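Below is one structure, written out as structure tokens; comments come after it.
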Amino acid sequence: MHLLLVSWNTTNACNLACEHCYRNAGARAQEELDTSEGAALIEEIARAGFKIMIFSGGEPLLRPDIYELVKYASRKGLRPVLGSNGTLITGAAAKKLRQAGALAVGISLDSIDPEQHDRFRGSSGAWEAAVEGMKACRREGLPFQVHTTVVEWNYEQVEELTDLAVRLDAVGHHVFFLVPAGRGVNIAEESLRAEQYERLLHRLMKKQQEVPIEVKPTCAPQFMRIAAQLGLKLRFQKGCLAGTGYCIISPGGEVQPCAYLNIPVGSVRETPFSRIWEDNPVFKRLRTEAYTGACGACDYRGICGGCRARAYYYYGDYMAEEPWCLYRKGNKKKRGGENRDA
């Protein structure tokens, strides 16, 4: 049984304009869930058996009731964490988050070069403000981890960012592999391809053996296969959790399997979240693990699962094979099939 986690995009409002934003965030969305609706959602999430609740955005600190919502989630037995760009985390904000019951904050940092980060995030001074946000968390005793979205231009910087995370006293470095969605569609050509993807996953698993913090690839489920091949023991059970151990809720209450698999499966304003999670046909199909193509025949299907969002983006079928997997190509060669590039 997976440890269930859910991400609620609490608002579409954001003070940055990141090139890769899957929500196309910036302005507050119309008809975002209000405080009472948010509390009702939190109750339903707890009822459905979820344990970890991620408050994200946009930028969640632009939501005035965020501390109240975090406190309510904590009272309901959930483990509240935040996904933030870090630029608004002052000492006072970090203290209020910790007092409300937040257990950790994920803060985005995409480059060791401030100018490159600022360009990617669409705002001058974003790098420095994010690092100051991390230092504020450290001073207030609020654990934080560094989140990096990796594309071609920062591909060689990833281990240096891990080292920076260690120096800043982060508890982890989570590396997000770009999936074309939202504004990210405009930079799809900067996404890593199969060979780079595989090499970086090996680099990250090697780095995990060298540093005292957690290094975790995200939206790159093949890391579970590589860890198994290297004999590494990780705390994770499966690579892709979309619809099986994870889902996401939009600012207006629409539920979908993950941030990048843009298939709305229901609205919490119309159907209780717990019922959507338990009964929706898309979720039920994802849980069958009845993948097609190479993923369906893969020895590592149970611990990897392939990226369902990437399969949907490239093939129009979220149960199709993962298009960026190098192991998939090797399996096709073994079977005498076509060795088609992603």
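Predicted, not measured: the structure shown is a model, and the values here were computed from it.
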_Other residues, nucleotides and ligands only: do more than 12 of their heavy atoms fall within 6.0 Å of CZ on R285?_
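Yes, because the 6.0 Å sphere around CZ of R285 holds more than 12 heavy atoms from other groups.
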For the NZ atom on K96, are there more than 12 heavy atoms of other groups (residues, nucleotides or ligands in this structure) within a distance under 6.0 Å? no
Could you go through the side-chain contact (heavy atoms from CB on, under 4.5 Å) check for D279 and T271 one step at a time? CA-CA 11 Å; D279 297 336; T271 307; over 6 Å; no
Restricting to pairs with a member in residues 204-213, which pass side chain to side chain donor-acceptor pair (under 3.5 Å), not counting sequence neighbours?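 For residues 204-213, and leaving out neighbouring residues, the side chain to side chain donor-acceptor pair (under 3.5 Å) pairs sorted by first residue read D163-K207, K206-E210.
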Quick one: pull up [atom1] in [X] and [atom2] in [Y] and give me the separation to the nearest 0.5 Å.
{"X": "N15", "Y": "L62", "atom1": "CG", "atom2": "CG", "answer": "5.5 Å"}
{"X": "T10", "Y": "E59", "atom1": "OG1", "atom2": "CD", "answer": "8.0 Å"}
{"X": "I42", "Y": "M53", "atom1": "CD1", "atom2": "CE", "answer": "4.5 Å"}
{"X": "W127", "Y": "D118", "atom1": "CH2", "atom2": "CG", "answer": "9.5 Å"}
{"X": "L326", "Y": "Q222", "atom1": "CG", "atom2": "CD", "answer": "9.5 Å"}
{"X": "S108", "Y": "M134", "atom1": "OG", "atom2": "CE", "answer": "8.0 Å"}

Check: Can you list the steps and then say if L97 with Y67 is a side-chain contact (heavy atoms from CB on, under 4.5 Å)?
Finding: CA-CA 6 Å; L97 285 170; Y67 305 104; 3.7 Å; yes
Given side chains that start at C-beta, do those of [X] and [Y] come closer than 4.5 Å, heavy atoms only?
{"X": "L109", "Y": "H117", "answer": "yes"}
{"X": "S111", "Y": "W153", "answer": "yes"}
{"X": "R235", "Y": "E214", "answer": "yes"}
{"X": "Y318", "Y": "V282", "answer": "yes"}
{"X": "E289", "Y": "K238", "answer": "yes"}
{"X": "F223", "Y": "I226", "answer": "no"}
{"X": "F55", "Y": "V81", "answer": "no"}
{"X": "L82", "Y": "L61", "answer": "yes"}

**Item:** Full working for side chain to side chain donor-acceptor pair (under 3.5 Å) between E198 and Y327
**Value:** CA-CA 9 Å; E198 183 87 0; Y327 192 74; over 6 Å; no
Keeping [X] on the side-chain end and [Y] on the backbone end, is there a donor-acceptor pair under 3.5 Å?
{"X": "E322", "Y": "G306", "answer": "no"}
{"X": "R98", "Y": "E140", "answer": "yes"}
{"X": "E278", "Y": "A48", "answer": "no"}
{"X": "N9", "Y": "P251", "answer": "no"}
{"X": "R287", "Y": "T244", "answer": "no"}
{"X": "R310", "Y": "C219", "answer": "yes"}
{"X": "S250", "Y": "G253", "answer": "yes"}
{"X": "T162", "Y": "V158", "answer": "yes"}

Review point. Between Y314 and W324, what is the ring plane arrangement, given parallel below 30°, perpendicular above 60°, and tilted in between?
Key: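 Y314 vs W324 ring planes: tilted.
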Practice item. Measure up the F273 and W277 rings against each other and bin them: parallel (under 30°), tilted (30 to 60°), perpendicular (over 60°). Key: parallel
Taking every non-hydrogen atom, the tightest pair across [X] and [Y]:
{"X": "I276", "Y": "V265", "value": "CG2-CG2, 3.8 Å"}
{"X": "T292", "Y": "A320", "value": "OG1-CA, 3.2 Å"}
{"X": "Q157", "Y": "D110", "value": "OE1-O, 4.4 Å"}
{"X": "A242", "Y": "L286", "value": "O-CD1, 3.5 Å"}
{"X": "F144", "Y": "L168", "value": "CZ-O, 3.2 Å"}
{"X": "T35", "Y": "R63", "value": "N-NH2, 3.7 Å"}

Do R47 and E44 meet the salt-bridge criterion of a basic N to acidic O distance under 4.0 Å?
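Answer for the salt bridge query: yes.
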* **Audit row: N262, Q256, side-chain contact (heavy atoms from CB on, under 4.5 Å) steps and yes/no** => CA-CA 7 Å; N262 190 18; Q256 62 187 61; 3.3 Å; yes
Output, in order, the C-alpha distance, side-chain angles, deciding distance and verdict of side-chain contact (heavy atoms from CB on, under 4.5 Å) for L234 and M205. CA-CA 10 Å; L234 304 179; M205 292 300 94; 4.2 Å; yes
Examine R203 relative to Y155 and say whether NZ or CZ is less than 6.0 Å from the centre of the six-membered ring and inside a 45° cone about the ring axis.
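Yes, a cation-pi geometry holds between R203 and Y155.
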- Taking E37 as the fixed residue, which of E32, E31, R269 is the one that meets the side-chain contact (heavy atoms from CB on, under 4.5 Å) rule?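 So, applying the side-chain contact (heavy atoms from CB on, under 4.5 Å) to E37 and each of E32, E31, R269, only R269 qualifies.
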* **Linked, directly or transitively: F236 and V171 (ILVMFWY side chains, under 4.5 Å)** =>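 The answer is no; the residues belong to distinct hydrophobic clusters.
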Test salt bridge (Lys or Arg N to Asp or Glu O under 4.0 Å), reference D169, set K135, R139, R138, output is R138
Check ring-ring contact (aromatic ring centres under 6.0 Å, His included) between Y312 and all other residues, then give those that pass, not counting sequence neighbours.
->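 So Y312 forms no ring-ring contact (aromatic ring centres under 6.0 Å, His included) with any residue.
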